[in-house]
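First the structure, in the form of structure tokens, and then the observations on it.
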Amino acid sequence: MSSSSLLRLRPDTMSRDLLASIVVFLVAVPLCVGVAVASGVPAELGLVTGIVGGLVVGAMPGSSLQVSGPAAGLTVLVYEAVTTHGVAALGILVLASGLLQVGLGLIGFGRWFRAISTAVVQGMLAGIGLVLIGSQLYALAGTTAPGSGLDNLAGLPGLFTRITGATAISSSAVGVGTIVVLILWKRLPGRLPRMLPGPLVAVGLATGAVAVFDLPVATIEVRGLIDSLRLTGLDDFGLLANPALLGVVLAFTLIASAESLFSAAAVDRMHDGPRTHYNKELIAQGTGNTLCGLVGALPMTAVIVRSAANVQAGGRTKASRILHGVWLLVFAALFPAVLALIPVATLAGVLIHAGAKLIPVTTIRPLWREHRGEAVVLVVTALAIILTDMFMGVLLGIGMAVVKTAWETSAVRLDIDEQDDRTTVALSGSATFLRLPLILDTLEALPKDRPVELDLTRLRHLDHACRTALEAWSTHSGAVHAPVPATDGTPREAALAAVAPDGEGPPRPEGR
């Protein structure tokens, strides 16, 4: 029997997994419910996604300790999709995203998600956090958000002036109190803050305060687990003919996959157990989203908050995350009425706190000092998400990251050596179209009264645009050709000699 099998059978390992599963369950309940309510769908659908994440994804190969379920990172996108296309379209969107994830995992695309710029991911999370905070502040105050992320943020000054009356004041007090508890809970001394998760304590205290003082605040509407489900049928696939819905599917797939695999990399650094197999993890996430789509539930990702709680609570094997799914199922089946006691404002407080943690406040300043281009990509991605939507913001961020990388890797240096009989210009680095203005401006500024030799042997790369431009410059200057050896030792014509207009001989194209 292998050592890993022995590890699973040891009583101390089983007890650790059992304790960790309870801790993760207590963290998951308020987050599952809060994400569902903020997404504009019944609270029970968040629990369904958590159950699938525990029982199905938790049992599949990929990552050993990371925990999956509904995440704040997809809240904004789900809310936009539900508002625009209706709750009925959610199932087919999640189902199609899951199938696409499975396909990408099967063809080995999982590892490529790690190539997405960290600045883009941080910018994506920052944008999500800001939009989430902007929308949940309205729920905290007991009112309805205006709509888009930009409208929500622009309307905040007016919101603060409208917090009047018993309902708005009570709701705001409950929400702010929830945030205060979440901030202070981990700072308390002793073992209690490590044993009880902050979100559970905050929601419990807020729910108790509302009940004791009979505060006039809105609570969660409960439909029942079965009544909240909507099975996706074959007719729903016709909705995918809408190009707008295909864009949402791609956004779901990209964001859920990137967030899951980045979370896996972070969780792997927290423990010394088996490492994540990224393609298998992508298949597992896709399988979970496929099942969630079949019953019309929320999309899932790996959630770093629950995963970190699992590791910190002593989880050793997959049993901890599977058991957390069992506890969620028992809770959803036996105690659904408990959800009706939870104030909407306290869930808004939990999500505002979660959204604030998505904003990399502490890393922006050092990133600006050390990698200014990365900081620009981060900020632009976040602002684009606020001004447009999640999909366009992420695409813009990826595009900017590619352009930044292309610009940095196409650095070229021009060394000018002026002698009595000629001027030699040696290019080194990578000559691409991005650097053409610099190259041509330098060449055109050279003195016209002596021959110019252009040495290209030090270049690592010369693209077609630069080659064509240099040949055109040589022709215009009355160039002759001077062959020189290449840097790799193979003979080639890699230098252009440009002389004054009265120079002799037609130009010959550079050879490779």
Where the side chain of [X] meets the backbone of [Y], is there a donor-acceptor pair that is under 3.5 Å apart?
X      : Y      : value
Asn279 : Leu106 : no
Thr167 : Val217 : no
Asn289 : Ser97  : no
Ser320 : Ala20  : no
Ser260 : Ala302 : yes
Tyr138 : Asn152 : yes
Thr363 : Pro360 : yes
Thr161 : Gly158 : yes
Gln66  : Ser307 : no

Run the side-chain donor-acceptor check on residues 378-387: report pairs under 3.5 Å with partners two or more places apart or on a different chain.
from   : atom 1 : to     : atom 2 : distance (Å)
Thr381 : OG1    : Val377 : O      : 2.7

Contact between [X] and [Y] at the side-chain level, heavy atoms closer than 4.5 Å - yes or no?
X      : Y      : answer
Val67  : Val303 : no
Phe335 : Val29  : no
Pro299 : Val78  : yes
Ile183 : His353 : yes
Leu104 : Thr253 : yes
Phe331 : Val338 : yes
Leu182 : Pro199 : yes
Leu323 : Phe25  : no

Kindly give the heavy-atom pair with the smallest separation between [X] and [Y], and that separation in Å.
X      : Y      : result
Val57  : Gly288 : CG2-CA, 3.7 Å
Leu245 : Leu239 : CD1-O, 3.0 Å
Ile283 : Val102 : O-CG2, 3.8 Å
Val344 : Ala139 : CG1-CB, 4.5 Å
Thr232 : Gly296 : OG1-N, 4.4 Å
Leu55  : Gly325 : CD2-C, 3.9 Å

Just verifying a value: how many Å separate [X] [atom1] and [Y] [atom2], rounded to the nearest 0.5 Å?
X      : Y      : atom1 : atom2 : answer
Leu100 : Leu95  : CG    : CG    : 11.0 Å
Leu45  : Leu229 : CG    : CG    : 6.5 Å
Met300 : Ile51  : CE    : CD1   : 10.5 Å
Arg306 : Leu26  : CZ    : CG    : 12.5 Å
Leu254 : Gln101 : CG    : CD    : 10.0 Å
Leu188 : Trp185 : CG    : CH2   : 6.0 Å

Could you please spell out the steps behind the side-chain contact (heavy atoms from CB on, under 4.5 Å) verdict for Arg321 and Leu65? CA-CA 7 Å; Arg321 57 185 192 175; Leu65 294 179; over 6 Å; no

Do Asp463 and Thr432 have side-chain atoms, one donor and one acceptor, less than 3.5 Å apart? no

Would you please say whether a donor-acceptor pair under 3.5 Å links the side chains of Ser63 and Glu281?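 Result is no, nothing qualifies.
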
Using the side-chain contact (heavy atoms from CB on, under 4.5 Å) rule, take Leu47 and Leu339 through it: C-alpha gap first, then chi angles, then the decisive distance, then the call. CA-CA 11 Å; Leu47 293 174; Leu339 299 179; 3.9 Å; yes

Derivation of the side-chain contact (heavy atoms from CB on, under 4.5 Å) call for His85 and Leu90: CA-CA 8 Å; His85 306 289; Leu90 181 61; over 6 Å; no

Give every residue pair that meets the side-chain hydrogen bond (donor to acceptor under 3.5 Å, both in side chains) criterion with at least one member in residues 67-76, sequence neighbours excluded.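 Every pair satisfying side-chain hydrogen bond (donor to acceptor under 3.5 Å, both in side chains) with a residue in residues 67-76: Ser68-Gln285.
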
Tell me the side-chain hydrogen bond (donor to acceptor under 3.5 Å, both in side chains) pairs involving residues 28-55, sequence neighbours left out? Glu44-Ser228

I'd like to check the side chain to side chain donor-acceptor pair (under 3.5 Å) partners of Lys404; sequence neighbours left out, ordered by chain and number. Glu374, Glu408

Test log, rule side-chain contact (heavy atoms from CB on, under 4.5 Å), inputs Glu80 and Thr83: CA-CA 5 Å; Glu80 291 175 354; Thr83 303; 5.8 Å; no

Pairs satisfying salt bridge (Lys or Arg N to Asp or Glu O under 4.0 Å), at least one member in residues 234-247, at least two apart: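 Every salt bridge (Lys or Arg N to Asp or Glu O under 4.0 Å) pair that includes a residue of residues 234-247, provided the two are not neighbours, is Arg230-Asp236.
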
Only distances under 3.5 Å count here; give the side-chain donor-acceptor pairs of residues 125-137 to other protein atoms, sequence neighbours excluded, each with its distance to 0.1 Å.
from   : atom 1 : to     : atom 2 : distance (Å)
Ser135 : OG     : Val131 : O      : 3.3
Ser135 : OG     : Leu132 : O      : 3.0

